[in-house]
Trainee: 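Got a structure for you, written out below as structure tokens; questions coming shortly.
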Amino acid sequence: MQISVAKYVQQNTIIHKMDPRLKIAFNILFAVLFFVTTHLVTVLILLLSTLVFFYITTKKIRHIFTLMKLPLIIFIIMLIIYGFIIDQNNINAILGIEKLNKLPKYRVLGLNEQQSNDFISWYLVKPSTIFWNIKFSIGTVSIIRSLVLAIRIYGMIISTTILTYSTKPFLLTRAIEDLILPLKLLFIPTHIIAMIISIAIRFIPTLLLEATRIMKAQSSRGVDFKHGKIKDKIKSLITLIIPLFVLAFSRAEDLSNAMDVRNYDVYAKRSRYRRLVFTKIDYLFLLVFISLITLTILMEINIIPISQLPKWWLYTNQKI
């Protein structure tokens, strides 16, 4: 079974039984934490936690590697971009090094000041001028920054997949409506927003399926989506995008007509027959989430006594 984007898969796991409101809150909080943390060890702890939850949800280890494709592409792209914009002056500003001829006051992987300076100054691609006096280089800082960004995006993909894989669409809609309920105090129609989000989520797997069918149909007519020059690939994508947009608008109109036929009134007062209630499992996971958030905050503001931590922890506790 392949992991599908925004598609629910029926399984009997504790993650599937969790309250959808808690899973949405977990997804949002982890997405924020992945991008506000500055310690590498904190990012790795968060990533390891999401991977554990992902395995509990899917029971498939190979899917963990399947979802690495996009982060790897982003890593390569950012590595090239950083190669143009990060030079020695940028590195000094990033690490807070003064322009004086003094060794920086930081440690890398337990090295001394001279070894740390040599590690930061190492280049995979030495600084060189490519064209029009544009300099390009790939060093330690560029590699680390690109890798950390890829890890953060990978963590977001994993957490989002957990949400869509383990939550039924109607429960997802119900949870979103409950979470944005305070907006009613500002006279915002939260039930309409929840309905729009629900319809959008349900359309994603449908459009992906239709895109696959269109690609197969165009390939049978001689359109090549994989080979050829960039110009030819762009023309091939046009043959996919235009029919997909036409089909999307057609499906949206059909859905609108179906709702009108059933006399659906957006502003009608509605009752609810599904009630979301926290269980013991939800409270247990809530405790785990609070612990992870607390650990992240304590490490971010350096309240944890760093000097009393094990040596292996000190080696990985580097600002990035």
Trainee: Do the ring planes of F30 and F34 sit parallel (below 30°), tilted (30 to 60°) or perpendicular (above 60°)?
Mentor: perpendicular

Trainee: Which heavy atom of T57 sits nearest a heavy atom of Q11, and at what distance?
Mentor: O-OE1, 3.1 Å

Trainee: Look at the side-chain heavy atoms of Ile, Leu, Val, Met, Phe, Trp and Tyr, link any pair under 4.5 Å apart, and say whether I56 and I157 land in one connected group.
Mentor: yes

Trainee: L181 and M195: same hydrophobic cluster, using ILVMFWY side-chain contacts below 4.5 Å?
Mentor: no

Trainee: Is there any salt bridge (charged side-chain N to carboxylate O under 4.0 Å, His left out) pair reaching into residues 241-263, and which pairs are they, with sequence neighbours excluded?
Mentor: E210-R251

Trainee: With distance as the sole test, does S291 use its side chain to make a donor-acceptor pair with the main-chain N or O of L287 at under 3.5 Å?
Mentor: yes

Trainee: If we only count heavy atoms from C-beta on, is the I158 to Y154 side-chain gap below 4.5 Å?
Mentor: yes

Trainee: Check whether any side-chain heavy atom of Y165 lies under 4.5 Å from a side-chain heavy atom of I15, and answer yes or no.
Mentor: no

Trainee: Flag the pair M215 / L240 as yes when at least one side-chain heavy-atom distance between them is below 4.5 Å, and no otherwise.
Mentor: yes

Trainee: Distance-only, no hydrogens or angles: does the D282 side chain make a donor-acceptor pair with backbone N or O of D19 under 3.5 Å?
Mentor: yes

Trainee: Is the F26-F285 ring centre distance short of 6.0 angstrom?
Mentor: no

Trainee: Please tell me whether F53 and Y283 are part of a single hydrophobic cluster in this structure, the criterion being side-chain heavy atoms less than 4.5 Å apart.
Mentor: yes

Trainee: Please determine whether residues F203 and L209 belong to a single hydrophobic cluster, defined as Ile, Leu, Val, Met, Phe, Trp and Tyr linked transitively by side-chain heavy-atom distances below 4.5 Å.
Mentor: no

Trainee: Quick check: do H16 and Q10 have side-chain heavy atoms less than 4.5 Å from each other?
Mentor: no

Trainee: Is T13 close to S166 at the side-chain level, that is, under 4.5 Å between some pair of heavy atoms?
Mentor: no

Trainee: Please tell me if the side chains of K69 and L72 come closer than 4.5 Å, counting only heavy atoms from C-beta onward.
Mentor: no

Trainee: Is the closest side-chain heavy-atom distance between E177 and I193 below 4.5 Å?
Mentor: no

Trainee: Can you establish whether the number of heavy atoms outside Y55 located under 6.0 Å from its atom OH is more than 12?
Mentor: no

Trainee: For D178, enumerate each residue passing the salt bridge (charged side-chain N to carboxylate O under 4.0 Å, His left out) test, keeping only those at least two apart in sequence or located in another chain.
Mentor: R21, R174, R272

Trainee: Please say whether more than 12 non-hydrogen atoms of neighbouring residues, nucleotides or ligands are located less than 6.0 Å from CG in L186.
Mentor: yes

Trainee: In this structure, would I77 and I85 fall into the same cluster of hydrophobic residues linked by side-chain contacts under 4.5 Å?
Mentor: yes

Trainee: For a 4.5 angstrom cut-off between non-hydrogen side-chain atoms, does F35 reach L149?
Mentor: yes

Trainee: Just by distance, do the side chain of S250 and the backbone of V246 share a donor-acceptor pair under 3.5 Å?
Mentor: no

